[in-house]
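Residues: numbered from 1 along the sequence shown. Values below: all heavy atoms of this structure, side chains included; hydrogens, waters and symmetry mates excluded.
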Amino acid sequence: MSDTHVVLYDPLGLIEAELPLDRVPYEALVTAVLAWTDPDLEPRDYQQIALQLTGHARAVASDVRRHAAALPKNDGRGALAEVVLREADGHLSAPLERTARCAQNRARLVRALYTRLDRLIEPLPATYPIGGAAPDPRAIHSRAPTAPRGP
């Protein structure tokens, strides 16, 4: 084995963008943590679970930021993502406690971030021309039938 190592400089997070999140085990952890009613774990166990969820929340938040930044400025999904990201930054900046409540709050944060990420990557419904409006469904059905024109 070599004594050398390579320092990777990736300020734009491009390498991270290519790596998919390992979502399934974290969703299972979130589900388990949120199902707790009266857990009896050691404080250090709560801390480790909260640390795991914190690290994953940061990774999901990074994905949300990247997808939101790629949206057009007039897409409302980007504005909603910014709200969720501000809240996430506030929660992630709070110090960890060695409690079940702290771990559950981090689990809720991961769930909220995944919900927002899913909404950012889902395709938009059919759109109408710029400045155009969707047809009024009442107008379609309220038109009086026209009599056929004969020769």
Correct closest heavy-atom pair for A107 and L53 would be N-CD1, 3.8 Å
Ignoring hydrogens, what is the shortest heavy-atom contact between L113 and A88? Give both atom names and the distance.
CD2-CB, 4.1 Å
Min side-chain heavy-atom separation L92-R106 under 4.5 Å:
yes
Expected output: side-chain T54 to main-chain A50 donor-acceptor under 3.5 Å:
yes
Working to the nearest 0.5 Å, report the span between CZ of R86 and CD of E82.
6.5 Å
Rounded to the nearest 0.5 Å, how far apart are OG1 of T99 and CG of L41?
11.5 Å
N-O pairing of D89 and R65 below 4.0 Å:
yes
Between Q48 and L51, is any pair of side-chain heavy atoms under 4.5 Å apart?
yes
Not counting sequence neighbours, list each pair that qualifies as a salt bridge (Lys or Arg N to Asp or Glu O under 4.0 Å) and has a residue in residues 25-51.
R23-E27
Starting at NE2 of H67, measure out to CG of D118 and round the result to the nearest 0.5 Å.
10.0 Å
Any chance you could lay out the side-chain contact (heavy atoms from CB on, under 4.5 Å) test for L80 and R119, step after step, and finish with the verdict?
CA-CA 10 Å; L80 291 173; R119 290 187 179 147; over 6 Å; no
To the closest 0.5 Å, what do you measure between CZ (R66) and CG (L71)?
13.0 Å
Among V64, L109, V60, V30, which one satisfies side chain to side chain contact (heavy atoms under 4.5 Å, CB included) with Y114?
V60
With a 4.5 Å limit on heavy-atom distance, are the side chains of L34 and R111 in contact?
yes
Counting N and O atoms only, with roles assigned by atom type, does the side chain of Q47 sit under 3.5 Å from a partner on the main chain of L96, one being a donor and the other an acceptor?
no
Would you say N105 and H91 make side-chain contact, with heavy atoms under 4.5 Å?
no
Quick one: closest heavy-atom pair of A57 and V110, and the distance?
CB-CG2, 3.8 Å
Parallel, tilted or perpendicular: rings of H56 and Y26 (30°, 60°)
parallel
Could you tell me which non-hydrogen atom of A81 sits nearest to which non-hydrogen atom of R116, and how far apart they are?
CA-CD, 3.7 Å
Ignoring hydrogens and angles, tell me if any N or O in the side chain of R98 forms a donor-acceptor pair with the backbone of Y46 under 3.5 Å.
no
